[in-house]
Every structure is written in C-alpha cells, then in structure tokens.
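These notes are about the structure you will find just below.
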Amino acid sequence: MHSVSVKNLTLKFGAAEVLKNLNLDVSEGEFIVLLGPSGCGKSTLLNCLAGLLELSEGQIWIKGKNVTWAEPSERGIGMVFQSYALYPQMTVRGNMSFGLKIAGMAKDEIEKRVQRASEILQIGPLLDRKPGALSGGQRQRVAIGRALVREVDVFLFDEPLSNLDAKLRSELRVELKRLHNRLKNTMIYVTHDQIEALTLADRIAIMRGGIIQQLDEPHTIYNRPTNLFVAGFIGSPAMNFIKGATVNGGKTFQFGDVALDLAGYEGGAILDRSKVILGLRPEHLSIVEQAIPGQSIPAVVEIDEPMGADSLVWLEVEGKQMSVRVPFEHRPQAGAKVHLKVDIAKASLFDETNEQRI
Amino acid sequence: MDRPNPLFRNLWSKIAALPMMLIVLVVFVGGTAWTVLFSFTNIKIVPIFTPREWVNGFIGLANYQRLFNTDRWMNCPGLTHIGRSDWEPTCMGALPNVVTYVILAVVLSMSLGFVLAVLMDQKIRAEGLFRTIYLYPFALSFIVTGHVWAWIMSPEYGLQASVRAMGWTSFDFGWIADRHMVMYAIAVAGIWQGTGLVMALMLAGLRGIDEDIWKAARVDGIPAWRTYLQIVLPMMKPVLVTTFVIVCSGAVRIYDLVVALTDGGPGISSDVPTRYVYTNFSANLGQSLSASTVMLVTMAVLLIPWIRMEFGKKSQG
C-alpha cells in the first residue's frame with residue numbers, strides 16, 4: 001500500500017492546465033522532494049494533496065483511502081508553510097493546541113502531545129511566548145510543531161526554509177533530516193533549492209510546466225538526467241553542454257575539429273545522429289598538459305573562480321565557455337593552452353531534437 | 001569648510017511647507033486655544049482678542065456650571081433625583097444624545113461593516129459592483145441622507161403610511177416623532193451612510209491577511225467563522241483602530257444629519273452638542289465656547305490613548 005498516491009491528476013485554472021495528468025506514488029516513510037523552477041506547479045500539487053485546491057480530474061489516495069474530496073483536516077496530513085502562518089495573537093502553546101481543541105480533544109491528551117512535540121523540536125522554553133517574540137528559525141520550528149501534534153501520517157512542507165538566512169537554513173535542513181529519521185513519517189517537501197532537494201530526498205521529482213520530468217533518487221537525477229531540462233536544472237555550477245554530432249556508427253562524438261571516443265558511455269544505442277548535445281559536469285573534466293587522442297578537448301584558460309576548497313576554471317573551447325572544477329592548488333594560469341580530459345562514462349548525451357537522454 | 005547649518009537643509013521644501021504650517025498653527029492651535037481660554041469669560045459677541053478683555057471678563061468655571069445645569073445640554077434626573085418621585089431612568093439633552101449616537105454608530109457600523117466585508121470576501125461574482133453599491137451612500141451629503149430618511153421615516157407619508165395603506169393598520173414606525181426614539185432614527189440614517197466606508201476599510205484589512213494563515217487554519221480543521229473571529233479579526237487590529245477613530249470622530253461631529261432629519265426635534269429631544277454650540281454662538285458665546293471645550297476634552301480623552309498606542313510604538317522602532 002502506498003502512503004500517498006496521485007492518480008491522473010489534472011488541474012485547470014480556466015483554460016490553463018496547471019497540472020497535466022500527473023501520477024505519483026509515495027511509499028510509507030519516504031521523503032519526496034518536489035523540485036522545479038517557479039511556476040512549475042510544485043506548490044500547486046502540494047496544495048492539491050492538502051485539499052486546499054479542488055482537482056479538475058483524477059484522484060488522491062492517502063493511506064489506502066480515497067481522499068479526493070475530503071476536507072484538509074480529514075486527510076491525515078500536517079502542513080508547514082514558507083511564511084510560517086502562525087496565529088500571531090496566540091502563544092506557541094496556543095498555536096500548537098488550537099486545532100486539537102477545536103477538534104474536541106481531551107485537555108491532558110493535548111498537553112501530552114504539545115509536550116512531546118516541544119521536546120522533539122526543543123521549543124519547550126518558548127511555549128508561553130507569542131510568535132512575534134521569536135526568531136525566524138524558532139517560528140518555523142513552532143510551525144513544524146503545529147503539524148507534529150496532529151500525529152498524522154503525512155507531512156507536507158511548502159518551501160519551509162526559504163524565508164530563513166543561509167546559515168539557519170542549513171542548520172534546519174539537517175534537523176529536518178534528523179526529524180525524518182526519528183519519526184519515519186512520509187514527507188513531501190516542495191522547494192526550488194536543489195541543495196535541499198539533493199540532501200533531504202529519498203527521491204526527487206523534478207517538475208516543469210505541470211509535468212514530472214524525472215522521479216528518481218538524487219544520485220540518479222544528478223548523474224543520469226533523463227532530459228536536457230533536468231540536466232541543466234540540477235547541478236551548481238551548471239553542466240557544460242556541447243553541440244555536435246555522432247558519427248562512425250555512434251562510436252564518435254564530433255564537434256568542430258574535435259572527435260571524442262564514445263566507448264564506455266552508459267546509455268542507450270547511440271547510432272549516427274546529426275544533432276546531439278554532450279553534457280559534461282565541471283567535476284567530470286580534468287585539465288591535462290598533453291592532448292589524449294579521442295579523450296580530450298583543447299581549451300584556453302580565461303579566468304578562475306576560487307570557491308574555497310575548489311576553484312571553478314572557465315575556459316574557451318571552440319568559441320564557447322566551459323567550466324571545470326579543479327582543486328584550488330592545481331588551477332592553471334590565465335591564457336594557458338591546456339587540454340580537457342573527458343570522463344565519458346559520466347557524460348550525458350541528449351538528442352537535440354527531442355531533448356531526451358540517449 | 002564648515003559643516004552646513006541643518007536649518008538650511010532642504011530649504012525650499014521648508015519654505016513651501018511654511019504657509020500650511022502657519023495655517024495649522026494660527027487656525028487650529030490658535031483657534032483651539034482661543035476657544036478654551038475665552039470659555040472662562042462672560043463674553044457675548046466676537047471678536048474679542050485682547051488679554052485685557054480676557055482678564056476683565058474672567059468668570060472662572062461659571063460657564064461650565066451653567067452648561068451642566070442647562071436641561072438642553074444634559075438633563076439626567078437619574079443622577080440627581082435618585083430616591084425622589086420625579087426620578088427617571090433616562091438621560092436627555094445634547095451630550096447624552098451624542099453619546100448614544102456615537103455608541104450606536106461605532107458598535108453597529110463596525111460590526112455590520114465587518115460582516116459585509118466578510119461576505120464580500122467570499123470570492124463573489126461582481127464584487128466591484130456590490131462594493132460600489134455599499135460605498136455609494138458615503139458619497140452623499142449628510143443633508144441629502146437626512147432629507148431622504150426624513151421622508152422614509154415620516155409618519156404621515158413615509159414607511160409607516162405605506163405599510164398602513166397596505167392593510168397593516170397597527171404598524172408603528174414613528175421614531176422621529178418620538179422623543180425617546182428619535183436618536184435611534186438618526187443613528188439608522190447615519191449607519192446607513194457610514195457602513196459602506198467601514199466595509200471598504202475592513203475588506204482592505206481582510207485582503208491584507210496572509211493567504212497561508214487561511215490554509216493553515218483549514219489544515220487545522222478550524223471552521224471559517226472561528227478563523228474570522230479568533231485569528232483574522234485580532235490580526236486586523238491596525239485597521240480596526242483606524243476605522244474606530246474615523247467612525248468615532250465622524251459621529252461626535254454629527255451636525256448636518258440632525259439638522260436635515262429632525263432639526264433637533266421633536267422639541268429639543270434630538271439636539272446634539274455641535275448644534276447646541278452653533279445655536280448659542282451669536283447670543284451666548286461663552287456658553288458655546290465652554291460646550292466646544294467639553295467636546296474637545298471628551299474627544300481627546302477618547303482618542304489620545306489610541307493614537308499613542310498606534311503611533312507611539314512605531315517611533316520606538
């Protein structure tokens with residue numbers, strides 16, 4: 001039985017299809033991240049799961065129950081919002097207990113749940129304060145606490161860390177991962193931050209235009225992007241793309257005067273194609289002095305961007321820019337003529353006409 | 001080079017603001033001070049401006065004493081005749097009248113305005129049209145409102161006459177001819193005129209509430225009415241305070257509506273302080289000034305705490 005199951009979900013606002021015939025199965029205890037650029041429909045999908053938006057077509061099942069038309073409070077979900085959405089005139093305790101009180105729960109049971117949640121989130125000392133007296137990080141903990149006391153099966157997070165500064169964001173990110181390890185609930189998490197997605201997710205769903213482009217483990221998404229969009233969206237610094245063609249029965253990638261041997265590429269049948277894009281991540285290239293026939297590309301060093309441990313070196317290749325990640329102490333001189341060794345086993349080839357991975 | 005004198009920074013803006021500042025100083029502050037000062041004298045006519053005449057005419061609190069002994073200003077047998085046979089549970093006169101009116105206007109137009117704003121907030125069709133309809137009375141002059149309601153509520157040819165003509169001969173709606181009910185009649189007209197504005201202000205306040213609060217409340221299973229009352233309404237405090245100040249100050253100043261609707265009648269049972277001040281202005285200036293001062297002090301006592309609460313904390317950062 002799936003924890004959450006989305007079946008042929010379509011959502012229309014007037015004539016515009018915001019979500020298009022979407023399917024998604026989430027297993028018990030899984031941490032799924034919905035990732036995509038703004039306007040891709042990820043938050044909309046989350047709102048549909050929560051029951052805050054009515055579907056045009058399709059069904060939503062949670063814990064083996066069809067909840068397509070159920071009220072948000074009856075779905076067995078808790079939700080955390082980007083703006084925290086705390087009730088400002090109530091104390092932290094009030095924020096966490098108000099929903100339970102309305103539901104008619106016994107006082108000591110409410111108190112027990114609030115105590116447990118505040119212990120897990122370490123917000124015990126804040127219970128009698130109002131949200132206005134809390135920092136952003138504390139507010140978001142309280143918001144998580146409000147979802148926690150509902151003791152539900154599924155947690156929905158709508159960009160919960162986006163309003164926090166960088167340091168706090170990385171701290172809370174780790175805490176969320178700990179929380180998931182401890183509670184083992186199903187969590188569905190919306191973000192536009194790929195670091196959050198890669199670090200937190202069991203599986204990432206990359207969305208664009210109301211369609212899930214790829215649903216896979218972070219490692220697979222990163223190394224085997226299914227199409228050009230996913231390849232370009234995931235990874236920072238971004239993947240290098242080289243336009244060219246495959247010749248010689250799909251054994252060679254040709255662009256300009258450069259020919260790269262494709263033996264060792266992991267993918268489908270390459271064949272001879274006239275329009276192909278080769279995708280190379282900056283860390284899958286290395287700088288060498290001597291050309292290696294069929295495995296290297298001649299390049300001229302332009303500038304480098306030191307990034308602490310590494311340095312991102314920008315080079316000119318056939319009139320285009322490419323970036324390579326090298327250890328800081330190995331960065332070359334500007335203007336140097338070097339060669340880029342390609343690790344073809346980690347490269348991605350895309351058909352330019354349909355943008356799909358070969 | 002010397003540091004430039006801060007007095008001359010933005011010199012032209014200061015020069016441009018000067019006439020307005022002078023007007024405020026002379027007309028507002030000066031006029032108010034003159035009113036308060038000469039309310040302690042026995043002057044009968046304007047203009048008297050000199051300190052010598054203030055000293056010569058000084059009679060202390062006599063005007064105030066007389067004012068509160070005047071039935072037309074305040075007549076509360078309930079307060080002074082307790083235990084006597086002519087004891088009455090009601091207060092009559094201009095001051096109690098305006099208190100009644102202010103309480104009714106504030107309570108009813110604010111609660112009605114809020115309810116209308118909530119109804120308007122339900123993503124209804126043609127919201128713009130309804131908003132215009134509700135705001136329309138606010139565009140009318142109080143004189144027009146007063147006359148229209150005078151016709152509607154007139155016992156001889158208004159609502160009462162029409163309903164009786166239809167057969168309900170016992171139907172009674174003679175509020176403006178009844179000295180105990182006339183202030184309620186005035187309040188009906190005033191609330192009809194003012195509620196639209198309250199609704200517009202409250203609607204703006206409702207729209208300013210973060211959408212996520214609503215979502216969180218729905219996930220928490222809180223019914224919509226409780227969300228409005230227990231979560232959204234307390235969040236609208238700044239709007240509520242602003243609305244309260246606007247409604248309250250408008251209600252205290254009520255004059256033209258009373259003149260057009262009842263002209264203080266029947267008798268003097270719907271007299272209000274502004275009208276009292278105006279009718280005493282030529283014959284009994286000292287009385288008039290002391291009545292104005294009473295209103296000023298009342299307003300100050302009512303509004304200053306609110307204003308300090310609202311604007312005071314912002315200046316602290």
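Keep in mind the model is a prediction, meaning the values are calculated, not measured. Here is the naming used below: chain letters follow the sequence lines, and residue numbers restart at 1 for every chain.
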[X], [atom1] atom: more than 12 neighbouring heavy atoms under 6.0 Å:
X       : atom1 : value
Q122(A) : CD    : no
Y136(B) : OH    : no
K14(B)  : NZ    : yes
F244(B) : CZ    : yes
Q122(B) : CD    : yes
R207(B) : CZ    : yes
F31(A)  : CZ    : yes

Rounded distance (nearest 0.5 Å) linking atom CG of L52(A) with atom CZ of R218(B) |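 Here the rounded value is 5.5 Å.
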
Nearest-0.5 Å distance that lies between atom NZ in K215(B) and atom CG in L46(A) =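 Reported value, rounded in 0.5 Å steps: 9.0 Å.
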
Is the shortest side-chain heavy-atom distance between [X] and [Y] below 4.5 Å?
X       : Y       : answer
D220(B) : Y87(A)  : yes
S73(A)  : V219(B) : no
I231(B) : F98(A)  : yes

Answer with side chain, backbone, both or neither: which region of Q230(B) has an atom nearer than 4.5 Å to a non-hydrogen atom of chain A?
-> both

Work out which heavy atom in D212(B) is nearest to a heavy atom in S83(A); give both atom names and the distance.
->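 Taking every non-hydrogen atom into account, OD2-OG, 2.9 Å.
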
L100(A), part contacting chain B, at a heavy-atom distance under 4.5 Å |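 The answer is neither part of L100(A).
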
Under a 4.5 Å heavy-atom cutoff, which of P72(A), A147(A), G78(A) has the most pairs with chain B?
-> P72(A)

Would you say the side chains of D210(B) and Y84(A) form a donor-acceptor pair under 3.5 Å?
->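 Checked: D210(B)/Y84(A) side chains show no N/O donor-acceptor pair below 3.5 Å.
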
